[in-house]
Structures are given as structure tokens and as C-alpha cells.
Amino acid sequence: MLKVIFPILSFLLLETSKTESENGVIINSVKLKYNPADAGGIKQGSNITLTCSVDILTPSGQSPQISYLFYKGQAQDALLKTVTIQAQESQYLIQSARPSHSGYYSCEVEAGSQRKESVFSFITVTGNLQTPVLTIRPTEVILGDLTELCCTSEEIPPLTFIFYTHKNGLNPVRLHETSSKNKTATHQLRVTTDTEQNYSCTIEVPAARSVSKHSEVVQLSVQNPFSDPMFEIEPSNEIFEGDKLTIKCRVMQLLPHVKPQLIIMKDTTPISTGNTSSVVFSKTANATDTGKYGCMARWNSVSQAIRRQVTVAVPVSIPTLMSTPIGGNVVEDGSLDLSCAVLGGSYPITYKFYQDTSEIPLHQITLNATTAVHHIVSIKNGHSGKYSCEVSNSADQITRTKKSQYVTIIVRGINQEDESSKPSQRGPLQHNQGSLKKSMEVIYSKIGNITHPKLNQPDSDMLIEQQEADSDRNHEGDYTNIMPCQGNVTEDDSESDCEADYTNVTSKRKAASADSDTSSDETNHVLYTQLDLAALQNNGTPQPQGPTIYASIALDKLR
């Protein structure tokens, strides 16, 4: 038993003694020197010797093991050499130095538990850096694929690798930059429609501020998986509301295994999709369909799109023509305003004013407005006649046109007396519209059944009385759809019970729409204008056509 324990104790005592000896090592300083001296730079191809020495104190009679480590770079980027010896100095030889050997160098010494570094020394090697080599793997790719650019140099790291792209064969443009402690650097590239085809690389030694020449240019071959999108809008990108709008998006597949997704979108919202070579969207257009439409083709990370603006125009509504003064009776040398208005329609709107059947407009104007006015400063006798207006707007090459009703204008002389103010003699009522005066005014005293006309003055103002018992009837039916009087009307029987002598008289209600010719006064009388009184009928026998008579009807306040 004692024979076994004794050797173990002897070994532990020796190790303890050795550790105590090594712990007694003291490193005073570490220095790095190089030869030849750097006076304005060491020439390229020269040999450089780095010497690392240590000032060390050791226990008497001891020669400890000393480790020497040689580094390049301020952050000890590259470990050049490691050696462990008992000597108090060690060397590292750089043969055929290159400019990439330029930079900061240092060494580090380890002995026992001690460790110490030297200060940095900067070495400059003059000359040109070696030109790097660029490779691309693979060089033939499809849009959406990944490829890798690899730049290799024989210079001494650390190095900065710079990748360039050559746009349209012009000067290189920096694409990517990376630092490496190796002699090779790579850059992955996703191939898109914007990917360039020509590439090169350079290397740079930051410490020496030296940059190599560009590598040879390498070309990348890119193939499209499908053609550029084709976008069709029918009938055109400018249409009228109510027309059929059809949008087609299609591509040509260039590779059999590639099936792109097609998307038709309005603004940023998809409205139709498909995984075929063609997608169609169709609908009846309305004004809200105006917007920017797109056709997009997608496959993997590749997408191509084309966009076009679609404008849906609203056709003009039927216009209403109104005259000022109201009623169409204008004194010679007075002024006349003809106002043409529409309820709606996309701008711009073209307005044309016509007299009688002339095809040449009196006035034409295009406005971004729903009303246009034609002003006649001095009315002459020749201005009498029928007037109308025409409105139109366009979408693409198509024009929509609407025409108004006719308005009759009668020009009276300045000295002409009002026929309604002259006393009239009662005479037989003729079945001829031409026998009525142009200034005829019909007054209804109350709303009720129409009985028969009374002529206060021959061929002039007519007063139609009503029966008190029927005063509460709705006025709309009181003088519409009146049947022609049966039998000849003479002076003797003008008081007979005749269900009205005029046909097709149409009433208009109070608070009429903007395109009517109705106005109301402050006494709640309602003035009705431009009522077309048809010719008198006789037993259903057609009568000769006479001039159209327009009358004004004043209604008392409705009960």
C-alpha cells in the first residue's frame, strides 16, 4: 500500500514545484521590429522579416516555454504564425511582399500565466494589387432565380471585395461591398426584370488605400418565363355610362413548366384572377367604374404589371330651354335670354342654340357647367319664331346629343297696343285656331269642372267659370284630356254646356321642376305659361292647321 502512495505523492510535489516556478515568470515588455526599414514604403517583391522579442524574468535555473503569435490588422484580423520555443525572440518571414501586405502588424507573447502584446507597427508595400477574378454560378437563369457572384484574389487578407454592375455597357456602378478575412467573397443576387446582365469586381486593401483593377466583365443570361403582359380595354378606355366594359389581361408562356398568375385590378384591388394565359373581366359600366386598371403577371418572386386609366362619362340629359322674359312675348328692341339647362352629364358639355329649322346654330359654347345662356341684346321682328337648344358630350370618338323642346318667341312693335286692352264685340266662335288673338290670356277663377267659355271680349280674353259644387276637385284632371265640343258653336249657343272647346290642354302643378315654365307670386297665384291650345274640333272632322297659340293661365290659391 505504501509502495503505491509514495509515487503519487512524489508526482504531485513535482507538479506543484513546476507550477510555482512558472508562476514566477514576469514579462516586462514585448517588441516587434521589421526589416528592411519602411522609409517611404517597401518595394513590391521584397522579403520582410518580422522579429518579436520579449524581456522576461524567470526563476533561477528555469527556461520556460514561450509562445509567439504574429498578427496582421489593428483588430488582430489575421493570425499569421504561432510558434512555441524557449528562446526570447522569434521571426516571421514575408517573401515577395505585395501591396496587400501593407497594414498594421503586431505580436503577442505567452509564458506561464503571463500574456503581453507589442505595439502596432505599420508597413507599406508599394506597387499594384493583383487583378481579381469574377465568376457567376449559374450564368443562365430564369427571372425569379438566385445566382451567386464570386470574387477571388491572391492578395493577402483582410480584403474588401467590391462588386459592380455595368448598366448598358456604361461606367460600372457599385452594387455590393463586403470585407473578408479570406481570399474569396460572394454575393447572392435575385434575378428580376431590373437585374443587369454585366458584372465585375475589385479588391481594396484599406490599410494601404490601394484598389485593384476591375476583373473581366462577366455576362449573365436571363430568360423570361413569360412575355410582357398584354392589356386590352374594349371598346376603349373612355366610354359612356351604360356601355359594356371588357378588360382582358394575357401573357404568352415562354417556358412550358411556368404557369404565371394573372390579376386584373382596379387601383389596388384585385377584381379578377386566374392561372391561365388569359383573364377577362366584363360589366356594364357606370360612373363609379372610373379609375386606374392594371394587368399583372406573377410567378415566384417575379411580377410584371401594366396600368391604364379608364374614364366612364355620363351622357347629357335632355335639356330644357327657357326664355326671359317668360312667356315668349318680347317688345321690339328689347333683350332676350335663352337659357339651356341639363340635369346632368360629364363635362365638358357643348351647347348649341337654333332658330326654327336652321341647321346652323345661332350660338355655340363648350362649358364645364350644366347651364348656358344665349343673350340677344336687341330683338327685331325677324327674331320671331321657334327656338331650341342642343347639348352634347363625348367619350373617346363617340358623341351623345340631346335636343330640347321648342320655345316660341313673338316680337311685338313698340307702339303696338295690347289687343287684350281693346273692347271686343262678342261674335261667333270660329272652329279655327287662327281666329284667336296672339295675346290671348285664359283665366280660371277656381279649380273645378270646366263648364264652358265666356267671351268677355270678342276673340280676346276668355273667362271660364266653374260650378261651386265641384270647387274641391283636383286641378290636374280639371282641364286635361278634354274632349272636343260636339256640334258647331255659334254666337247663339256659346252659353251651351260644352265640355271645353280646346283639346290637349295640359295643366302644370305649383312647385314645378327646374325645367318647367311655372312661377308663383306672393299672393299664391300660380302663373302657367306656354299651354298649347289645339285647334277647335267639329264632329271629329279635321280642320285646317292654324298657328300655335300659347296662353298664360293664372290660378287662384288652391283650396
Side-chain angles (χ1 to χ4, degrees), residues 236 238-243 285-290 311-412 506 508-521 526-532 548 550 552:
S236 73
E238 293 184 5
I239 63 174
F240 275 112
E241 189 175 50
D243 292 346
N286 55 57
T288 60
D289 292 321
T290 295
T311 302
V312 180
V314 178
V316 288
S317 61
I318 297 176
T320 298
L321 183 64
M322 299 179 66
S323 64
T324 304
I326 298 173
N329 290 324
V330 186
V331 178
E332 189 174 5
D333 291 332
S335 64
L336 173 67
D337 284 341
L338 296 173
S339 176
C340 185
V342 294
L343 292 178
S346 296
Y347 298 151
I349 301 175
T350 299
Y351 297 84
K352 296 179 182 179
F353 295 83
Y354 295 90
Q355 182 179 5
D356 296 326
T357 59
S358 174
E359 295 182 357
I360 301 176
L362 297 171
H363 178 61
Q364 176 177 333
I365 189 170
T366 300
L367 300 171
N368 289 334
T370 56
T371 303
V373 178
H374 174 43
H375 181 66
I376 302 176
V377 178
S378 180
I379 289 291
K380 302 300 181 185
N381 199 36
H383 287 107
S384 294
K386 288 185 177 182
Y387 288 80
S388 64
C389 71
E390 184 180 272
V391 295
S392 63
N393 60 357
S394 299
D396 196 31
Q397 302 299 321
I398 301 174
T399 300
R400 297 287 173 87
T401 302
K402 299 289 177 63
K403 194 170 184 179
S404 73
Q405 87 287 4
Y406 283 98
V407 170
T408 298
I409 302 299
I410 300 173
V411 181
R412 295 185 299 171
T506 303
K508 296 183 180 179
R509 295 182 181 275
K510 190 175 179 181
S513 61
D515 59 350
S516 72
D517 298 313
T518 305
S519 64
S520 60
D521 57 24
V526 181
L527 180 62
Y528 291 78
T529 63
Q530 298 184 9
L531 283 160
D532 190 358
T548 301
Y550 290 82
S552 298

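Every heavy atom of this structure was used, including side-chain atoms; hydrogens, water molecules and symmetry mates were not.
- Rounded to the nearest 0.5 angstrom, Glu390 CD and Lys403 NZ are separated by 6.5 Å.
- For the pair Leu336 and His383, the minimum side-chain heavy-atom distance is 4.5 Å or more.
- Residue Asn329 holds its CG atom at 9.0 Å from OG of Ser323, rounded to the nearest 0.5 Å.
- In this structure the side chain of Lys380 never reaches within 4.5 angstrom of the side chain of Val411, judged on heavy atoms.
- Using a 4.5 Å heavy-atom threshold, the side chains of Asp333 and Ser378 count as touching.
- Between the side chain of Glu238 and the backbone N or O of Asp396, at least one donor-acceptor pair lies under 3.5 Å.
- Contact detail for Thr408 and Lys386: the closest heavy-atom pair is OG1-CG, 3.7 Å.
- Taken from OG in Ser335 to CD1 in Ile379, the straight-line distance is 7.5 Å, to the nearest 0.5 Å.
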Let me see the working for Thr290 and Thr311 under side-chain hydrogen bond (donor to acceptor under 3.5 Å, both in side chains), right down to the final yes or no.
CA-CA 5 Å; Thr290 295; Thr311 302; 5.5 Å; no
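- If you take OG on Ser384 and CD on Glu332, they are separated by 9.0 Å, rounding to the nearest 0.5 Å.
- By the 30° and 60° cut-offs, the orientation of the rings of His374 relative to Phe353 is tilted.
- Between Lys402 and Pro319, the closest side-chain pair of non-hydrogen atoms falls below 4.5 Å.
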Step by step, would you call Ser394 with Thr399 a side-chain hydrogen bond (donor to acceptor under 3.5 Å, both in side chains)?
CA-CA 4 Å; Ser394 299; Thr399 300; 3.0 Å; yes
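- Between atom CD1 of residue Ile410 and atom CZ of residue Arg412 there is a gap of 9.0 Å, rounded to the nearest 0.5 Å.
- Considering only heavy atoms from C-beta on, Leu321 comes within 4.5 Å of Leu338 through its side chain.
- Closest non-hydrogen pair, Ala372 versus Ile365, comes out as CB-CG2, 4.0 Å.
- When Thr401, Val316, Val314, Thr350 are each tested for a side-chain contact (heavy atoms from CB on, under 4.5 Å) with Asn393, only one passes: Val316.
- Scanning all heavy atoms of the two residues, the minimum distance from Ala341 to Thr371 falls at CB-OG1, 3.6 Å.
- Interatomic distance, Gln405 CD to Thr320 OG1, rounded to the nearest 0.5 Å: 5.5 Å.
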Could you go step by step and tell me if Ser339 and Thr324 meet the side-chain contact (heavy atoms from CB on, under 4.5 Å) rule?
CA-CA 8 Å; Ser339 176; Thr324 304; 6.0 Å; no
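- Summarising the geometry of Ala369 relative to Tyr351, their closest heavy-atom pair is O-OH, 2.6 Å, with the distance given to 0.1 Å.
- Closest heavy-atom contact between Ile409 and Tyr387: CG1-CD1, 3.5 Å.
- Within the 4.5 Å cutoff, the side chain of Pro348 has heavy atoms near those of the Asn368 side chain.
- Residues Leu367 and Tyr347 form no side-chain contact, since every pair of their non-hydrogen atoms from C-beta on lies 4.5 Å or further apart.
- Nearest heavy atom pair, residue Pro361 against residue Gln364, reads CG-OE1, 4.1 Å.
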